[in-house]
Amino acid sequence: GPNKLAPYFEWSCRTFGYSTSYFDMLVFHEDNKALSDIKCPLNVKFINLGDKGLSKLIVNEILNNKTSEDSKTELLKITNEIIKRCPRYLVETKPMFGTLFQQFLTNYTHWSYTDPDIIWSNLTDWIQLSDMKQFHYISYAKNMDSGRLFLRGQLTLHQNIRQVNNLWRKLEYFKSDIYIRRMSNAFHMIKERKSSDEIFYTNFYSAEGWYSQLVFKAKFASVKIIGRGFDDFFREPVVLNMGKLSRCALDKTISECIDNSINSPQNKTVNSLPPIKLVPAQAHYDVEACKMFWLPVEVRYCIATAIYSKEAALLQDKQTGLKLVRVGEAILTTNKTWFINDERESRRQLHGSAALFHFRHWDDFISSSMAVEWGEGWDLSDNLASCMVLYLRADRALAFEHCESVRVKEQRAIISGISNLILEKSFDILSLSQGKGGEALLEDVGKILQHARKAGDVGAVSHSDKPEQPKHNVMKSLEERKAEKIKMLQRKKKRSFLRRGGRRSAD
């Protein structure tokens with residue numbers, strides 16, 4: 001639209017500035033005036049397609065002069081209306097990007113689609129040139145999540161060659177007659193005021209499903225899926241400092257995480273990892289084991305191992321089911337054989353560091369608002385001198401704020417917690433003393449409280465009186481956070497069905 005822009009888009013475009021050595025971000029839009037209000041680095045390039053520009057590109061590629069101009073004009077009108085009323089439709093066009101935007105890609109060896117709700121580290125630390133030459137597709141998954149076999153919508157590098165760029169044309173639902181029928185039906189549902197979710201799931205397809213299967217079955221294609229992203233089902237804060245993306249440990253305060261990131265002697269990169277140790281793996285189609293509940297059952301595909309019950313093993317030696325394997329890296333060769341890295345022999349997963357953080361789950365299901373506080377380090381002339389924290393505040397705001405600002409807020413919150421604890425103990429003492437000297441003791445504790453608040457530092461309270469510092473979310477204790485993490489792991493399977501009926505598709 002002319003004035004619509006996701007509030008976190010600027011978070012993504014600014015952090016992409018770290019990757020200027022290898023990457024540009026091309027942002028295609030149609031006279032979007034909201035882009036003039038944000039600041040992005042030089043490797044983020046805005047390309048104005050003009051009124052109905054995207055619809056024209058899509059319709060021209062689909063129809064390819066197979067219909068009359070009147071029919072093309074009508075389909076252009078329908079497509080444009082669908083993009084405005086059901087923008088989620090665009091996720092099915094992701095595989096088309098190599099041909100849709102071909103005129104803008106002539107100077108690039110690779111291209112990828114992506115999402116706006118991503119914080120980026122310096123991708124040059126996470127990309128191996130040898131991989132880019134060897135594999136037609138390189139897809140970046142969450143850490144230890146490469147066992148679920150599909151091309152991720154957040155970052156999947158495609159070699160910019162004809163075979164790769166035109167593969168989407170083999171998808172049945174992009175054939176002109178089927179496409180016209182689907183779009184006409186979606187347009188009819190818009191007139192009937194159906195919801196965006198219903199329109200999408202009735203007529204359109206996620207690129208992560210059928211397109212991934214098409215790629216895996218293509219005779220020429222070699223694929224690598226790499227776990228290099230943080231998991232948004234966990235709530236630990238993420239620190240971005242000098243292009244390094246790190247995650248807070250459960251038992252650390254945000255201030256301690258910031259210090260660890262700043263004082264780290266060097267950034268961990270793929271070049272510092274041991275050589276990959278490949279072992280053969282078996283891929284299966286399984287509705288339940290693959291844990292891909294947002295995709296059609298026919299395309300739920302994963303690396304899995306057999307499960308045997310004790311009785312079956314003793315009596316019949318028959319498996320009772322399949323279990324998803326946690327995989328750091330998965331490779332599909334041109335002879336259609338899957339291999340995975342043996343993490344026991346070669347540990348290549350860096351759980352505290354990542355190439356990117358796709359925070360969609362935080363945005364969709366946890367936060368109730370957003371806040372950003374850029375700080376002086378984010379002047380574009382000194383873009384790499386920044387330090388930012390992405391975290392969930394106690395007021396449920398999804399916040400992306402300067403490190404020093406977060407540090408000060410956390411210290412104030414800790415002091416406030418200490419102060420409240422002292423005051424609580426004071427009332428306990430007053431009650432126990434039954435008025436015999438308790439008032440004087442309360443007055444003394446009040447002085448300590450006043451001193452702690454004025455000092456503005458945790459050290460204002462003696463170490464012997466200082467309780468354990470609350471971690472991350474200052475309204476929750478460490479024990480509460482540990483219990484919360486356990487519950488989240490238990491609910492993860494149950495909650496994943498929300499992705500099918502949520503506000504956006506998994507792309």
Report task. Please lay out, stage by stage, how Val327 and Asn341 fare under the test side chain to side chain contact (heavy atoms under 4.5 Å, CB included). Result -> CA-CA 7 Å; Val327 175; Asn341 180 55; over 6 Å; no
Requested in this report: Report the C-alpha distance between Leu151 and Val223 in whole Å, list the side-chain angles of each, state the deciding distance to 0.1 Å, and finish with yes or no for side chain to side chain contact (heavy atoms under 4.5 Å, CB included).
Outcome: CA-CA 9 Å; Leu151 301 181; Val223 182; 4.1 Å; yes
Requested in this report: Go through the steps to decide whether Trp168 and Thr93 satisfy the test side-chain hydrogen bond (donor to acceptor under 3.5 Å, both in side chains), and finish with yes or no.
Outcome: CA-CA 9 Å; Trp168 66 271; Thr93 69; over 6 Å; no
Report task. Show the numbers, then the answer: is there a ring pair (Phe, Tyr, Trp, His ring centres under 6.0 Å) between Phe150 and Tyr211? Result -> CA-CA 9 Å; Phe150 66 96; Tyr211 177 59; over 10 Å; no
Validation: residues 186-195 side-chain donor-acceptor distances under 3.5 Å, sequence neighbours left out:
unit_1 : atom_1 : unit_2 : atom_2 : d
His188 : NE2    : Glu192 : OE2    : 2.9
Ser195 : OG     : Glu198 : N      : 3.1

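Using modelled atom types and a 3.5 Å distance limit, the side chains of His158 and Asn165 yield no donor-acceptor pair. Side-chain atoms of Asn166 and Arg169 include a donor-acceptor pair closer than 3.5 Å.
Residues passing the ring-ring contact (aromatic ring centres under 6.0 Å, His included) test with Phe23, sequence neighbours excluded: none. Under the disulfide bond (SG atoms under 2.5 Å apart) criterion, Cys13 pairs with Cys40, not counting sequence neighbours.
Side-chain rings of Trp210 and Tyr173 stay apart, their centers remaining 6.0 Å or farther from each other.
In Lys170, the NZ atom is not crowded: 12 or fewer heavy atoms of neighbouring residues, nucleotides or ligands sit closer than 6.0 Å.
Using a distance-only test at 3.5 Å, with no hydrogens or angles considered, a donor-acceptor pair links the side chain of Trp362 to the main chain of Asp232.
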